[in-house]
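One structure below.
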Amino acid sequence: MKTFNQKCYNLLKKIPEGKVTTYKAIAKKLKSNAYRTVGNAMNKNPSPIKVPCHRVINSNGSLGGYSLGIKKKIKLLKKEGIEIKNRKIDLKRFGYFLSSFLV
DNA sequence: ATGTTGACCTAGA
DNA sequence: CTCTAGGCCAACA
């Protein structure tokens, strides 16, 4: 039996480069409202390499946090072609879950 | 079983 | 914009 965290990681791996998702969207996909638990899972992320935790942001478009430092997160996202305006990301353009993944 | 801990969300002032 | 307050829920001690 996978834990809730494991499911989060599994879902996260499906996110392509240049796209982002939100904690809320992930929780919803897991048929739960455990937004916080999703964030908790990211905090305890096993390996930021296998799991693209940096592509997960807040539902309001702000960046949220990152275990390796928020600066690193910004750098990675920009590197993948995501535009960051005033510490915010345009979910309508980069929100993967909002376009096709999320039902 | 109970209490604490969060990389959260929403609403109001 | 900032701050407060309530709600949400799995993992962990």
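Within every chain, numbering begins at 1; the chains are lettered A, B, ... in the order of the sequence lines, protein sequences first and strands thereafter. A quick note: this is a predicted structure, and the numbers were derived from the prediction, not measured.
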Inset, instruction - Check the distance between B:dA7's C1' and A:Y35's OH and give it to me in whole angstrom. - result: 16 Å
Legend entry - Short side-chain N/O contact from A:N45 to OP1 or OP2 of B:dA7, under 4.0 Å: no
Inset, instruction - Look at all strands and tell whether A:K72 reaches a base, only sugar-phosphate, or nothing, counting heavy atoms closer than 4.0 Å. - result: nothing
Inset, instruction - Measure from CG on A:N33 to P on B:dT10 and round the result to the nearest Å. - result: 11 Å
Legend entry - Length of the line joining A:R36:CZ and B:dT5:P, which is rounded to integer Å: 12 Å
Legend entry - Under 4.0 angstrom between A:S59 side-chain N/O and B:dC9 OP1 or OP2: yes
Inset, instruction - Let me know the distance between CG of A:N60 and P of B:dT10, rounded to the nearest Å. - result: 8 Å
Legend entry - Hphob cluster co-occupancy, A:I70 + A:L77, side-chain heavy atoms under 4.5 angstrom: yes
Inset, instruction - Verify the contact: side-chain N or O of A:T22 to OP1 or OP2 of B:dC9, cut-off strictly under 4.0 Å; return yes or no. - result: no
Inset, instruction - Measure from CD1 on A:I57 to C1' on B:dA7 and round the result to the nearest Å. - result: 12 Å
Legend entry - Pair A:N5-A:T3, side-chain donor/acceptor within less than 3.5 Å: no
Legend entry - Backbone N/O of A:Y66 and side chain of A:K72: donor-acceptor pair under 3.5 Å: no
Inset, instruction - Check whether any side-chain N or O of A:K24 sits under 4.0 Å from OP1 or OP2 of B:dA7, and answer yes or no. - result: no
Legend entry - Heavy-atom donor-acceptor pair, A:Y23 side-chain to B:dA7 base, under 3.5 Å: yes
Inset, instruction - Take A:I15 and A:F97, measure what side chain to side chain contact (heavy atoms under 4.5 Å, CB included) needs, and give me the verdict at the end. - result: CA-CA 9 Å; A:I15 303 178; A:F97 279 42; 4.0 Å; yes
Inset, instruction - Would you tell me if any nitrogen or oxygen in the side chain of A:N43 comes within less than 4.0 Å of OP1 or OP2 on B:dA7? - result: yes
Inset, instruction - Please state how far atom NZ in A:K28 lies from atom C1' in B:dC9, giving the value in whole angstrom units. - result: 13 Å
Inset, instruction - For the side chain of A:N5, starting at C-beta, report the closest nucleotide among C:dA11, B:dA7, B:dC9. - result: C:dA11
Inset, instruction - Give a yes/no on whether any side-chain N or O of A:S67 is located under 4.0 angstrom from OP1 or OP2 of B:dA7. - result: no
Legend entry - Between P of B:dG6 and CZ of A:F4, the distance in whole Å: 18 Å
Inset, instruction - Let me know the distance between CG of A:N40 and P of C:dC12, rounded to the nearest Å. - result: 9 Å
Inset, instruction - Treat each ILVMFWY residue as a node, draw an edge where side-chain heavy atoms are under 4.5 Å apart, and state whether A:I57 and A:L76 are in one component. - result: no
